[in-house]
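On a predicted model such as this, the values are computed, not experimentally measured, just so you know.
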Amino acid sequence: MTKLKYPSFVDRYFTKYYFRNKEAKDEDLCILAHSNKICLLTLSPMHKALSEGPIKSVSYEFNGRNLVEDVKSVHGKKKLDSIKTHPYRIICHIVSGNNTTYKIRCGIQGKLLEVNENLLKNPTILNTKHGSEGYIGIVLHSNNKEVGSAKELLTQQQYDEINLKEDEDGHQNENKNIKEENLGIDQDSDVKESIDGSEGLNDSNEPELKRVKVEE
């Protein structure tokens, strides 16, 4: 009997969009958008930091500011004093398992409502649950339109298609390079064989010169 696979909490209540970082390859974000415009900022499964071992640290401090304290200081139902975000604003820094530091962008325009303080104590949540409990922060989307209408964001299907095309192009380039290398080797071999053959031909077919004594 086939077991029924029920959708997860995230799949039931959130729509996934992706922010492709044009400034850094393979450092994309996954935006989990709720119908009330509350968005969870998470790392894309394709993010390089996740493939470099357990995350060592997460910091919300930069340029003399501490976003943890800034977010806590915001009060009021409408969060009028919330930190304004835009797609390329830095929200935190992550140090990966090989000591590479990554700047994590917001990926979306809105108001920063919360940062995930649990990452400060246990940064490896990003590795194990990057799409749920390992969220980076929570943003209230400020645009009057739907979250998916933002030009910076891609749907799951669009994101998958782009990654697939890049993989195919990468394989084609690899195959092209291999063919060019093999062609170079073959050409070198042909030249060598041609030289060797010429030397053999001269040795076997060239008439032997004899000294002739000229009578005076």
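Connection of Leu112 to Val58 is established within a shared hydrophobic cluster, with ILVMFWY side chains joined at heavy-atom distances below 4.5 Å, either directly or through further cluster members. Under the 4.5 Å side-chain contact rule for hydrophobic residues, Leu154 and Leu41 do not share a cluster. The same ILVMFWY cluster, assembled from side-chain heavy atoms under 4.5 Å apart, contains both Ile138 and Leu140. Both Ile91 and Val71 belong to a single network of hydrophobic side chains, linked directly or stepwise wherever heavy atoms of I, L, V, M, F, W or Y lie under 4.5 Å apart. Leu164 and Tyr18 are members of different hydrophobic clusters when ILVMFWY side chains are connected at heavy-atom separations under 4.5 Å.
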Walk me through it: do Tyr88 and Glu23 pass the test side-chain hydrogen bond (donor to acceptor under 3.5 Å, both in side chains)?
CA-CA 9 Å; Tyr88 280 91; Glu23 298 181 357; 5.6 Å; no
With salt bridge (Lys or Arg N to Asp or Glu O under 4.0 Å) as the test, would you mind laying out the steps for Glu117 and Lys72 before giving the verdict?
CA-CA 11 Å; Glu117 294 184 54; Lys72 286 181 179 179; 3.5 Å; yes
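Scored by the side chain to side chain contact (heavy atoms under 4.5 Å, CB included) test, Arg65 finds Asp70, Ile83, Arg89 as partners (sequence neighbours excluded). Residues satisfying the side-chain hydrogen bond (donor to acceptor under 3.5 Å, both in side chains) test with Gln157, not counting sequence neighbours, are Glu161. With sequence neighbours excluded, no residue forms a ring pair (Phe, Tyr, Trp, His ring centres under 6.0 Å) with Tyr17. Among residues two or more places apart in sequence or in another chain, the side-chain hydrogen bond (donor to acceptor under 3.5 Å, both in side chains) test is passed with Thr155 by Gln158. In this view, Ser8 and Val10, Asp11 satisfy the side chain to side chain contact (heavy atoms under 4.5 Å, CB included) rule, not counting sequence neighbours. By the side chain to side chain contact (heavy atoms under 4.5 Å, CB included) test, Thr128 pairs with no residue at all, sequence neighbours left out. With sequence neighbours excluded, the residues forming a side chain to side chain contact (heavy atoms under 4.5 Å, CB included) with Ile90 are Phe62, His93, Lys103, Arg105, listed by chain and number. Among residues two or more places apart in sequence or in another chain, the salt bridge (charged side-chain N to carboxylate O under 4.0 Å, His left out) test is passed with Lys121 by none. Legend: residues meeting salt bridge (charged side-chain N to carboxylate O under 4.0 Å, His left out) with Glu61, ordered by chain and number and at least two apart, are absent.
Proximity of Ile136 to Val115: side-chain heavy atoms (C-beta onward) are nowhere separated by under 4.5 Å. Side chains of Val68 and Leu120 form a contact here, defined as non-hydrogen atoms less than 4.5 Å apart.
When all heavy atoms are compared, the tightest approach of Glu52 to Asn98 is OE1-OD1, 3.0 Å. Minimum heavy-atom separation, Val147 to Leu153: O-CD1, 3.6 Å.
Within the structure, every pair that satisfies the ring pair (Phe, Tyr, Trp, His ring centres under 6.0 Å) test and touches residues 97-136, not counting sequence neighbours, is listed here: His47-Tyr102.
Classification of Lys25 and Glu166 as a salt-bridged pair holds, one side-chain N sitting under 4.0 Å from a carboxylate O.
Here the side chain of Tyr60 pairs no donor or acceptor atom with the backbone of Glu69 at under 3.5 angstrom. Judged by distance alone, with hydrogens and angles left aside, the side-chain atoms of Thr85 form a donor-acceptor pair with the main-chain N or O of Gly110 at under 3.5 Å.
Exactly one residue among Asn116, Ile104, Ile94 makes a side chain to side chain contact (heavy atoms under 4.5 Å, CB included) with Leu126. That residue is Ile94.
Applying the under-4.5 Å side-chain rule to Ile, Leu, Val, Met, Phe, Trp and Tyr, the cluster around Val95 consists of that residue alone.
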Determine all donor-acceptor pairs shorter than 3.5 Å in which one atom belongs to a side chain in residues 26-35; sequence neighbours excluded.
from: Asp28; atom 1: OD1; to: Asn21; atom 2: N; distance (Å): 3.1
from: Asp28; atom 1: OD2; to: Tyr159; atom 2: OH; distance (Å): 2.9
from: His34; atom 1: ND1; to: Asn36; atom 2: N; distance (Å): 3.2
from: His34; atom 1: ND1; to: Asn36; atom 2: OD1; distance (Å): 3.0

